[in-house]
Amino acid sequence: MKETIQLSASRPEDVRAAARILREGGLVGIPTETVYGLAANALDGAACARIFAAKGRPADNPLIVHISDIKQLYTLVRTVPKEAEILASLYWPGPLTMILPKADCIPDEVCAGLDTVAVRFPSHPAAQAVIRESGLPLAAPSANTSGRPSPTTAQHVLHDLGGRIDAVLDGGPCDVGLESTVVTLATNPPRLLRPGGVTLEQLRAALGEVVLDPAVLNPLAAGEKAASPGMKYKHYAPKANVVILDGPRGAYLDYVNAHRENAGALCYAGDEKELRVPCVCCGGEENSSAQAHELFDALRRLDDLGVSTVYARCPDKNGVGLAVYNRLIRAAGFEVLKL
Ligand code: AMP
Ligand code: MG
């Protein structure tokens with residue numbers, strides 16, 4: 001165990017310290033607008049291997065490379081198709097990751113042996129400052145222990161990885177709260193592999209046809225190969241068994257109140273007044289962005305309820321709601337009950 005240095009994104013000398021650690025091959029938890037990332041030099045295979053060890057991440061799950069200038073993209077991939085230029089002009093910097101054929105400089109650890117690489121230009125000023133200051137593209141998956149909800153505060157990062165990483169740069173809570181949208185442009189038509197803050201509707205408005213990968217909403221069949229390896233793992237799992245209840249509000253409240261033994265609720269603000277079980281609220285019923293912002297912290301807080309089953313309300317599946325639903329069904333191991 002080594003001590004994890006706590007740095008503040010509001011102090012320029014701390015940002016420089018984070019960049020120095022990264023240049024020396026170390027690991028730093030950094031804030032982004034989506035979730036906290038666990039960063040390492042993306043061009044250094046040994047540094048990237050340390051990310052997998054610290055997180056307990058399966059070796060076949062590739063990393064996203066973060067840049068602070070669109071020009072860097074051209075050094076990391078073999079070709080930049082017109083679709084990538086369109087998306088970059090509309091949504092970069094921002095919560096969108098594009099997958100493209102990888103250049104030779106990308107070590108195998110980053111792409112987990114695939115011939116493509118995932119690239120994102122984050123909008124968070126502290127993320128941009130660390131990338132710029134380090135002079136490197138930074139590979140950074142979510143800074144959680146594999147299988148746990150992604151971290152949206154520096155405290156979450158320390159809880160999971162304290163003593164296993166060199167430093168964490170505290171930039172306050174993350175805005176979006178869910179990981180980036182992942183779209184592959186290495187297939188024709190482009191395919192949405194993971195929904196996030198940039199929505200399927202926005203991608204289709206920009207590019208025309210965009211296929212929704214079936215793994216976004218459904219479990220993989222036995223033996224089926226995941227287009228995005230991260231989607232095949234049970235994810236975001238709280239200790240309790242989570243069951244999504246899909247139906248109107250009244251039916252949800254009645255069902256939960258009739259099944260109170262050892263039960264808790266993951267509900268929307270206002271529902272807790274009518275539920276007779278311990279509750280964690282997650283945003284408002286009509287507000288997908290607030291649900292996204294609060295979901296991972298809510299999933300972590302469920303562990304404090306000390307219940308064995310949590311009944312969750314079913315998010316709306318449009319816009320950012322699709323991303324909320326995608327994370328929640330994984331937390332629920334795909335258990336959805338129609339009311
Ligand atoms: P994380 O950064 O922890 O949110 O995980 C990164 C996500 O991007 C995972 O779901 C990966 O499977 C996905 N990903 C990264 N690189 C690729 C790639 N080259 N092809 C397909 N999916 C990728
Ligand atoms: Mg992750």
Side-chain angles (χ1 to χ4, degrees), residues 27 29-40 42 48 51-67 73 76-79 84 95-103 105-122 124 127 137-152 156-157 160-161 165 174 176-187 190-198 211 213-216 220 224-237 292 295-296 299-300 323 326-327 330-331:
L27 303 184
I30 62 165
T32 84
E33 71 278 21
T34 58
V35 301
Y36 273 72
L38 180 57
C48 293
I51 291 179
F52 288 84
K55 282 178 56 84
R57 185 177 177 97
D60 67 351
N61 194 3
L63 308 177
I64 295 172
V65 178
H66 293 69
I67 59 176
L73 174 67
L76 301 172
V77 304
R78 281 203 300 280
T79 50
L96 176 70
T97 297
M98 297 189 236
I99 294 177
L100 291 163
K102 81 173 194 78
C105 63
I106 303 290
D108 280 344
E109 287 81 357
V110 168
C111 57
L114 301 173
D115 63 357
T116 51
V117 63
V119 184
R120 182 165 101 81
F121 180 174
H124 196 294
L138 297 179
S142 50
N144 52 320
T145 300
S146 239
R148 297 261 301 147
S150 295
T152 53
H156 293 160
V157 177
D160 279 17
L161 301 177
I165 62 176
C174 302
V176 179
L178 296 181
E179 307 88 340
S180 59
T181 302
V182 178
V183 63
T184 180
L185 302 175
T187 60
R191 179 175 282 256
L192 177 65
L193 301 181
R194 180 173 76 183
V198 174
V211 177
D213 194 83
V216 168
L220 289 170
E224 195 181 346
K225 195 161 169 283
S228 176
M231 284 283 140
K232 75 178 181 222
Y233 296 105
K234 178 159 180 177
H235 226 139
Y236 320 121
L295 180 68
F296 287 144
L299 288 176
R300 284 175 180 258
N326 167 268
R327 307 311 190 275
R330 282 171 170 74

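Atoms within a ligand are numbered from 1 in the order they appear, just like the ligands themselves. Everything numeric in this text was worked out from a predicted model, so none of it was measured.
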* **Distance-only side-chain donor-acceptor flag, R120 / T32, under 3.5 Å** => yes
* Are any of the N or O atoms of N61 closer than 3.5 Å to those of ligand 1? -> yes
* Structure fact -> Within a strict 2.8 Å cut-off of the Mg ion (ligand 2), protein N/O/S atoms tallied 1
* To do: Report the distance from atom CD1 of I165 to atom CG of L38, rounding to the nearest 0.5 Å.
  => 5.5 Å
* **Main-chain N/O of P62 paired with R57 side-chain donor or acceptor, under 3.5 Å** => yes
* What protein heavy atom sits nearest atom 14 (N) of ligand 1, and how far off is it? -> P62 CG, 3.7 Å
* Just distances here: any N/O of K55 and N/O of ligand 1 closer than 3.5 Å? -> no
* Asked: Given that the side chain starts at C-beta and the backbone is N, CA, C, O, which of these parts of T116 lies under 4.0 Å from ligand 1, counting heavy atoms, or is it both or neither?
  -> both
* Under-4.0 Å heavy-atom contact with ligand 1, by part of K102 that carries it -> neither
* Which pair of heavy atoms, one from A127 and one from P31, lies closest together, and at what distance? -> CB-O, 3.4 Å
* Structure fact -> Numbered in order shown, the ligand 1 atoms found under 4.0 Å of a heavy atom of L114 are 18 (C), 19 (N), 20 (N)
* Starting from atom 12 (O) of ligand 1, which protein heavy atom do you reach first, and at what distance in Å? -> G230 N, 2.8 Å
* Structure fact -> ligand 1 to R194, heavy atom cutoff 4.0 Å, flagged ligand atoms 1 (P), 4 (O), 5 (O), 6 (C), 7 (C)
* **Taking atom 13 (C) of ligand 1 as the reference point, the nearest protein heavy atom with its distance** => S228 OG, 3.5 Å
* Counting only N and O atoms by type, is there a donor-acceptor contact under 3.5 Å from the side chain of K55 to the main-chain atoms of S142? -> yes
* Asked: To the nearest 0.1 Å, how far is atom 18 (C) of ligand 1 from its closest protein heavy atom, and which atom is that?
  -> I99 CD1, 3.6 Å
* Go through E179 and N326 one step at a time and tell me if the side-chain contact (heavy atoms from CB on, under 4.5 Å) criterion holds. => CA-CA 11 Å; E179 307 88 340; N326 167 268; over 6 Å; no
* Structure fact -> What one should report as the nearest heavy-atom pair of N144 and R148 is ND2-O, 2.7 Å
* Which value, rounded to the nearest 0.5 Å, describes the distance between H66 atom NE2 and L138 atom CG? -> 8.5 Å
* Shortest protein contact, atom 2 (O) of ligand 1 (heavy atom only) -> P141 CA, 3.1 Å
* Non-hydrogen atoms of Y236 and A331 that approach each other most closely -> O-CB, 3.4 Å
* **T181 (side chain) donor-acceptor with V198 (main chain) under 3.5 angstrom** => yes
* **Residue S142 vicinity, atoms of ligand 1 by number, heavy atom under 4.0 Å** => 1 (P), 2 (O), 3 (O)
* Report the C-alpha separation of T34 and S180 in whole Å, then their side-chain angles, then the decisive distance to 0.1 Å, and conclude whether the side chain to side chain donor-acceptor pair (under 3.5 Å) test is met. => CA-CA 6 Å; T34 58; S180 59; 5.7 Å; no
* Go through the steps to decide whether L100 and L73 satisfy the test side-chain contact (heavy atoms from CB on, under 4.5 Å), and finish with yes or no. => CA-CA 10 Å; L100 291 163; L73 174 67; 4.1 Å; yes
* **Taking atom 5 (O) of ligand 1 as the reference point, the nearest protein heavy atom with its distance** => R57 NH2, 3.2 Å
